[in-house]
Structure formats: C-alpha cells, structure tokens
Amino acid sequence: MTPEQFIAKWQGSALREDQASQSHFNDLCALLDEPTPAAADPKGEWFCFERGANKTTGQRGWADVWKRGHFGWEYKGKRKDLRAAFVQLQQYALALENPPLLVVSDMETIIIRTNWTNAVSETHTVTLEELRDPRRRALLKAVLSDPDRLRPERTRQAITEDAAGKFAELAARLRARGHDPQLVAHFVNRIVFCLFADDVGLLPAGVLDSLLATTRKNPARFPDLAGRLFRAMKDPGGTLDFVEIDWFNGGLFDDDTALPLTAQDIAAVQEAARLDWGEIDPTIFGTLFERGLDPEKRGQLGAHYTDREKISLIINPVIIRPLEREWAEARARIEAIMAAVPKSGVAPAEIARRRERARTQATPIYRAFLDRLRAYRVLDPACGSGNFLYLALMAIKDIELRAGLESEALGLQRQLPEVGPEVLLGIELNAYAAELARISVWIGAIQWARRNAMPQPGNPILKPLNTIECRDAVLNPDGSVADWPKADAIVGNPPFIGDKAMIGALGEDYTARLRKAYAGRVPGAADFVCYWFEKAREQIENGATTRAGLVATNSIRGGANRRVLDRITEQGVIFDAWSDEPWTLDGAAVRVSIVCFGDGNSAGSPSLDGYTVTTIFADLSAGDFDLTTAQPLANNRAIASSGVTKKGAFNIDGDLAHAWLAAPSNPNGRSNAEVLSPWYNGEDVTGRHLNRWIINFGDMPETQATFFVQPFAHVVLHVQPARSKSGSPSERRHWWLLARRAPALFQRLDGLARFIATPEVSKHRVFVWLPKAVTPDKNLVAIARDDDTSFGILHSRFHEAWALRLGTSLEDRPRYTPTTTFETFAFPEGLTPNLPAASYAADARAIRIADAARALVAARDRWLNPPEWVEEVPDVLPHLPPRKIPRDAAAAKQLKTRTLTNLYNRRGTGEGAWLDALHADLDRAVAAAYGWPEDIATDDALAALLALNRARTG
DNA sequence: AATCCGACACTGC
DNA sequence: GCAGTGTCGGATT
C-alpha cells in the first residue's frame, strides 16, 4: 500500500471505531512494510488485537492492539476524545506489561506517548497528511518494531538533579543572607511543592505564574504575596483573589513564612518552574536537595541516599514477593470458583445465574486481599527523606492495581485503588528530613494517580502524615530502648557509625546510655547500625513484625557486629542477603551488606547474592558448613600478634639512623644501637622497603632515656608536644615511650633469628620473612616461627582461603586478624605451631613443605631485587640485615614497581606463571601433609579444616 | 595490654 | 580526579 492509497482510503472513511480499527491497523502495517498481528503471531500471545478480552465475561480488551515490550494502541472513533483513550491505556498499562509506548488514534491522527519509567514522557503526533513524509513513516515503523528509537534522552534523574541543583543554589544564597537554615529549608520546600502542585494541576492555572511575574518586577512584595498563597493553601476553603485554592494540610504549610527574595532569586524560581515538575523523582530529589541545603550538616541529617536498585533488593523479598504470593493464592481461589461456571451445555439464563453466584462467592476473596493491603504497614525506622517508604508505597499500589485488573479479567467488579501513604510508618530523628519524607510520599502518591489515570486525592490534598514520626529510633530520652510500632515489614538504611566514631558523632553521654540500654544484646564494639538490627529482631521475636530488610556496612559479617546476626540466625532466618555490594554514592567509601530476615515461616529457599542456597549463616555465607563455628585452638595461642603502636613521630629516616649509629657512645657508655631499629609497616612488605627506623626506648625510665642523646632530643622535639595532649593519662605521662610496646611479642621473638610477617590489610595475602632486628608496626601481624615449614603452610592456598573466609575486610581488601584467622587455623597434625620446629625437622612432610617454601621465597626475592640492579651491602652492625642498594639511578627507577603487590597482581597471567607454579608446588606439599588429595578443591579443604578445628577444640 | 575497625585516608598517576 | 591500596589512632574488651 502506498501512502497516497492509505491517505485516500482513511481520509474519507466514516467507519466507526469497532468496525474499522483492525483494518486501519492492518493497512498501516502494509504501508510500513511490517507484518500484521495475524501474520507475526497467529496464536496472539505477544502481538494481537483486543489483548485481555474475555469471551466468557464479555469483557473488552485492555487495548485494541498490543505488542509486548512495544506498545498499547487504542482507537477512538473519528474526533472522539483522544484523552479518554489515553486514560484507558494508562489504567491498563500494568496489565499490558507496561509497554514503553502508548498510542491512540482516531484514524486520522496518531498520537504516541512515551512511557518509560525512568525517562521523561514525550509526545509525538503524526497526522494522515504527514504520512507522505518518509521520516514520519520511519517514526511509526519504529513504534511497531524498534521502540527504543523513541526513548527520550532526558531521564527523570537528569531533570531531578537539575531541579535540585537550582534550589540548592537558592537555599545557599538565603543562608548566606543570614536566614536560619531550618527556616530556609522549610520555605524552599514549600516553593518546591507549589511548583509541583502547579504543574500537575493542583493549583489553579496561572496563579503561580502571575505571582512570580508580579513579584519579579517588585520583589519587595514577595513575602506578602507568597505568604498569602501559602495561607490560602493551608486553610480549608482558602481563596486567593476570589480564586478557590485547594486545601493542603500536612505540616508543610503550618508555617506560612515567605522569606524575602531578590529579583534574581525570583527569576531563578521562574526558570525552575519551566522544568517538568510532574516528572520529578522524589527519591532523588529529597536527598540531593537535602544535601544541597547545608553540606556541613549532611552527616547530621542522617539520611544517606540509597539508590533504587539497592532499595529494590530489600523491598522485593521483604514486601513485594510475599504480597504477590498472597495474591497468587487468592487469585487461584477466585479462578477456581469462576472456572466452575459452565460455558455451554446449559441454558444461557442458567449460565448467567451461576456466574452471578460465583461472583458473589469470589468477590469477598478479592475484597479480603484489598483489606489486607489497606491494613498492611511498612516501617522504616531510619527513613531519612523517605526513599524506602516512597518505593514501598509505589510497589503496594501496583500490587493493588494488578489485583484489581486481574480480578476484573476474571469477571469481578474492580475497586478503585485506596491504598495511600497511611500504610507507611517512619521514624526519623531529623525534623527536616522527616518532613521531606512526608512530601516525597505525597508527591509519589499524586504522581502514581496521574500515571495510572486514577482519581487524584481530594481535599485536603496533603493529609498530615503523623505516621512519619520525628524521634530517636533506638533510644528514648529517658535512656530506655525505643518502641517501634507494629508493622508487617521493616525496611531501611540505618546510619553507619563505627564503634570508635560513636562518641565523637553522638556524644559521650548518649553513647554510654545507648550501650547501657542494649547491654547484653549489642556489644559496645558494634556499629551504630547494629542497634537497628537488634531492635528489628526484637520486633520479630515479639510478633510485632514478620520480616525485616536492612542495609549495613559489609563489616556486619564479622567481629563484634556479627553478634546481632548471630542472634538473628539463632531464632529466625536470614532469607535473602547480598553479602558485599559496592556503594554507588560518591563521597561515601564503603561496601555494604543487605540482610533480609524473618521469623522463619517465610516460604521458599533463601537467596544469597542472587543464588538459591539452603541456609544463610551469620557471616552471610552459605554452604554445607558454617565457618562461624570455628573456635580458637590452644595449639595456636600466643604465636601471632600485631607489632608496636607508636602514637607519635618515633620514626626517623635510615640515613639519620646510620649517622646516630656511627656517633661515639653516649655519656652512659652505651650505643644508640640499643634504642634504634629498622621499622617495617604493611607498606614495607607489600611495596618497597622505605628504610624507616624507629626510636624505641622499650620500658626505660625517662632519666635513663635522656642518656641516648640524639634519639631523646628527637623525641623531645617531635613527640612530646603532641603526646602531652593525649587523652590517655599513661600515654601523656610516658610520652617518650611507644604507646604499645608489644612486650609479649618481643619475648616470643627472643631466640629466633627471623619471624614471619603478613600485613593486616592488603590486597593479597602475602607472608614474608623479617629479620629479628626489625620492629614490626601494628599493621603487621608478626608470627613467632622461624622454620620454612610453618611459613609454607601459612602461604598455602588453604590458609589463604581460610583467612579470607574467617577474616574481615577493609572495603574489598581482606584483613588478617590474629584471633579469627590464625588462631582458628588447624595446622597439619604434628606440624602445629606449639611444637618446636626441631621436633618435625626429620618429618618428610615438613621437609617437602620447607623445600617448596624456600624455593618460593628465593625466586620471589630474585624478582624483587635482581642482583643486576641491586647490591647487597652488609650493615654497620652485625645483627642488622644487609642493605639492598640500587646499583644506579636507572635501576632505582625500575625497582619502584618491583613490589609484592605488583608481583601477586600478575598471578594467573603469563608473566606470573612461574609464581603460580611455585605456589602450586607448595600447595601440593601442604595438601599431602594433611593427608588430602593434592588437587583437593578449596571448599573441601575448608570443610576438612573446620572438621579438624572442631576435633581439636572438642 | 591487645585487638581490630574505618558512610576511610592516603599516595601517585 | 580517581584509581589503587594500605595508615594510624581510638575504643572496647
């Protein structure tokens, strides 16, 4: 069909909609060279006319034409109301699986509205005449076959950020003029809400425009005129210059102050008013806005922006899926009742009578589900600006609508949606954030109604949302544990404040009262976020809620924080979790865990990191064995410990140290060598040794220390000033001494020529030998063993895997902790670190491991310090390790990248193959020592190690 | 007196 | 500016 033929046929046509629509659409397919529904999908499953039509009930389809993932298309007779056709499509969009394009046509004009959830909506109109234009035909062809070409570039997020930015600037200017920040926030919020209300038609057309236009010319009148508008909105029956204004209750308009604005400010508001406020995403807006208002108070505002994806990871398993399961059950019962009505074989009157009876029987099931939804409560006890609550409300309303559509399709009478913001319960400490939450939720409810072409909320437009409370969620003013309201589900992202930061952030008094209130339930060393977990667990225990889903830092998997998860898994279950997810917000360096838990009655298998598992353990792992049950072993006690803690500038450069070593002996006749030693930190192990030394007077009294002239003078100059201000009396008093001198460690090292060290935090779990003369910093874990067998066992993949699972992390870098990773690790029988190395010197297993370990260390050392580049020079004193000196500047430059981290970064690549081979050798030797197959799978080895641990701890 | 943490804190490109 | 990768002092136990 040519465009001319098409135009000629449809220009003159006077056919009514139901007679002509299918033939119009088929002609259009022919014109655009696209297959018709009948040709493309004869079964009518994904591309068809009258989708959703039910011959039994006589129900009309949700759309005249539908193509899955493409469009819903509704015809109206010529020049009938096309808006009504849109309403029809919007109301059924959910049933049509949310097509990205909604199209209406009266056979002369075709109007296409884009309907992507994350993008702003755009409208394209194509008239019959325009079909001569190939570009317009291409547009229509895209509707049929490639809707993505119509996807608008502007996302809701972009316009929201734009809008938030404009108001952040305005707020900053108002604050700079000395207005109270809280007042500014409140005022700017009101303007924001007016812009939104204006755009969605809740304010009489033109009121806001003329207010802005008038006051721009005469800014002095702004406080008075804007105040009059705010007052009119606040009161029932309010008017402004004889125009009735709807009633906006709900706290936002309690205070009608309008701050004075300059002409420039008003121009900025006018400019902001041009944005499409109907498309504002309240979840982004609330937070961006909040942050823009007073960047210094960001932390205090509490609410950290949680992106939609993360919120979905909680809301889906905690709220949506359980409700959908409930609906599926109800629907199945309705379906069974309705299906029992005969379609033929009896008299039509009898069929109608039976259908009516079935309806009467089935309707209460649908109504009961609606009642359930209306009585449903979601609690966010750290709601901030309300992102979780907003999305929860949207989800529940979608479920309500879906239930309505599906009931209607089954032949029941659909009820209008009634679920509103009252299903949301919130607790938020910051008054301003709480108010933002209330507004976000209302904006969301209004947007939802518009999007689905449902009736807007009536007067008052904003109801007070007293269910979003402004108070402390974990501690009452009298020091008791705070109460939470009963709710079906608890969700949220509570504030993260590490134990050591709590006093600084919350105050000493508050912290003490909080810890006292939760004594025995939350350890003092736990993060602030843990109190929400414990409180939610208590709610579940008391039957005040059934499910909870909260965000925490990934540290919740270990240490003192894990105690709250231990308690949760003892009584209930973790049914959905994400153990370690990156956080997308800039400026917040953290990785998070998402934990959804309940009373254990939830259906289905748990899901961990998106995979179905049998049980989720308290460390957010799963599998056949629970490594959190591993206990410290007596054999491993008092071997591994961290090094010294300086708390002061006790470090000196190697050159200075050597100068002091070369100086004549001191007035007490003793050499500086007694108080100087090379100092190694994590960096010195994973990178190049930085040749730093440390002044260590051990436990010397001050008078004795003064005799070591240069070192003491250095400490007086560089350490004393800062130390004298220390919070610790003992550190103040003994200012010339290291704060933690690790006496037990040095005692253990006595008699050894070297020891094993590994950095507490590092990308790769590497172990190195350090000479006894070296003082390790506390960021190094020093292991008091000097035999190659112990070294080899520790550097095997088995200990590495064990340490990864049993240790914690700093973001995604593993952390080695002596108690949980070393002390729990079962060495092979007979090679345990409580035995003197000499006792297994003749053991063939030990010798094999030692040989492999020596080969590994030697090859590594040659790579780190190739003899061609490095010269080894004996140090001035015999107990000191030889110094490694680059032969020239070029070598020095090359050596910079010869670090253990860089070397282990090459593992698994061709360049690192030699290292892989040496490690594989070592691993086989260690596996053999345990009596395992040499190629044992890591998981099997972990299970065996746990079994050994259990056996040795009884 | 020892351990272990960081809505991190640096360095270095 | 942002990859890349481990410091350092504090607070609990």
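Per chain, numbering begins at 1; letters A, B, ... match sequence-line order. Nothing here was measured: the structure is a model prediction, and the numbers come from that model.
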Item to check | Pairwise 5' ranking along DNA chain C for A/Gly682 and A/Gly504, keeping only the more 5' one | outcome: A/Gly682
Please state whether the phosphate of [N], meaning OP1 or OP2, lies under 4.0 angstrom from any side-chain nitrogen or oxygen of [X].
{"X": "A/Thr901", "N": "C/dG4", "answer": "no"}
{"X": "A/Lys647", "N": "C/dG9", "answer": "no"}
{"X": "A/Asn554", "N": "B/dG6", "answer": "no"}
{"X": "A/Ser642", "N": "B/dT3", "answer": "yes"}
{"X": "A/Asn681", "N": "C/dC8", "answer": "yes"}
{"X": "A/Thr808", "N": "B/dC5", "answer": "yes"}

Which is true for [X] with a 4.0 Å heavy-atom rule: it touches a base, it touches only sugar-phosphate, or it touches nothing?
{"X": "A/Ala744", "result": "sugar-phosphate"}
{"X": "A/Ser641", "result": "sugar-phosphate"}
{"X": "A/Asn651", "result": "nothing"}
{"X": "A/Ser728", "result": "nothing"}
{"X": "A/Pro743", "result": "sugar-phosphate"}

Checklist entry - In which stems does DNA chain B show up, taking only runs of three or more Watson-Crick or G-U wobble pairs whose two distances fall under 3.5 Å? => result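 DNA chain B stems, ordered by first number: B:1-6 with C:8-13, B:8-13 with C:1-6.
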Item to check | Donor-acceptor pair, side chain of A/Asn636 and main chain of A/Phe822, under 3.5 angstrom | outcome: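 A pair under 3.5 Å: yes.
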Next on the checklist: Under a 3.5 Å distance rule, please check whether A/Arg688 uses its side chain to pair with a backbone N or O of A/Thr899 as donor and acceptor.
Outcome noted: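 Not a single qualifying donor-acceptor pair exists.
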Checklist entry - Looking only at heavy atoms, what is the nearest atom pair of A/Leu738 and A/Arg723, with distance? => result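 Where A/Leu738 meets A/Arg723 most closely, the heavy atoms are C-NH2, 3.6 Å.
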Checklist entry - What closest approach, in Å, do A/Gln631 and A/Asn949 show between heavy atoms, and which atom pair accounts for it? => result O-ND2, 2.7 Å
Of the options [options], whose atoms approach the side-chain atoms of [X] most closely?
{"X": "A/Leu810", "options": "C/dT7, B/dT3, C/dA11", "value": "C/dT7"}
{"X": "A/Ile503", "options": "C/dC8, C/dA11, B/dC5", "value": "C/dA11"}
{"X": "A/Asn493", "options": "C/dT12, B/dA7, C/dT5", "value": "B/dA7"}
{"X": "A/Lys778", "options": "C/dC8, C/dT12, B/dA7", "value": "C/dC8"}
{"X": "A/Glu811", "options": "B/dC8, C/dT5, C/dT12", "value": "B/dC8"}

Checklist entry - Ignoring hydrogens and angles, are the base of C/dC8 and the side chain of A/Asn779 linked by a donor-acceptor pair under 3.5 Å? => result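 Donor-acceptor pair under 3.5 Å: yes.
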Next on the checklist: Should the side chain of A/Arg591 and the base of B/dG6 be counted as holding a donor-acceptor pair, with the cut-off at 3.5 Å?
Outcome noted: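 Side chain to base: no pair present.
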Checklist entry - Roughly how far apart, to the nearest Å, are B/dT3 and B/dA7 at atom P? => result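 After rounding to an integer number of Å, I get 23 Å for this pair.
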Nucleotide [N], atom [atom2] - distance to [atom1] of [X] in whole Å:
{"X": "A/Glu760", "N": "B/dA2", "atom1": "CD", "atom2": "C1'", "result": "12 Å"}
{"X": "A/Tyr816", "N": "B/dT3", "atom1": "OH", "atom2": "C1'", "result": "14 Å"}
{"X": "A/Lys896", "N": "C/dT5", "atom1": "NZ", "atom2": "P", "result": "17 Å"}
{"X": "A/Leu737", "N": "B/dA1", "atom1": "CG", "atom2": "C1'", "result": "15 Å"}
{"X": "A/Ile639", "N": "B/dA2", "atom1": "CD1", "atom2": "C1'", "result": "16 Å"}
{"X": "A/Leu506", "N": "C/dT12", "atom1": "CG", "atom2": "P", "result": "12 Å"}
{"X": "A/Leu780", "N": "B/dA2", "atom1": "CG", "atom2": "P", "result": "16 Å"}
{"X": "A/Asp527", "N": "B/dC5", "atom1": "CG", "atom2": "P", "result": "11 Å"}

Between [X] and [Y]: side-chain donor-acceptor atoms closer than 3.5 Å:
{"X": "A/Asp527", "Y": "A/Asn561", "value": "no"}
{"X": "A/Ser809", "Y": "A/Arg591", "value": "no"}
{"X": "A/His734", "Y": "A/Asp699", "value": "no"}
{"X": "A/Trp802", "Y": "A/Thr824", "value": "yes"}

Item to check | 5' priority, DNA chain B, between A/Arg740 and A/Asn561 [closest heavy atom] | outcome: A/Arg740
Item to check | Contact nearer the 5' end of DNA chain B, comparing A/Thr817 with A/Arg741 | outcome: A/Arg741
Checklist entry - Going through the distances and angles, do A/Arg860 and A/Val768 end up as a side chain to side chain contact (heavy atoms under 4.5 Å, CB included)? => result CA-CA 10 Å; A/Arg860 254 175 22 180; A/Val768 297; 3.9 Å; yes
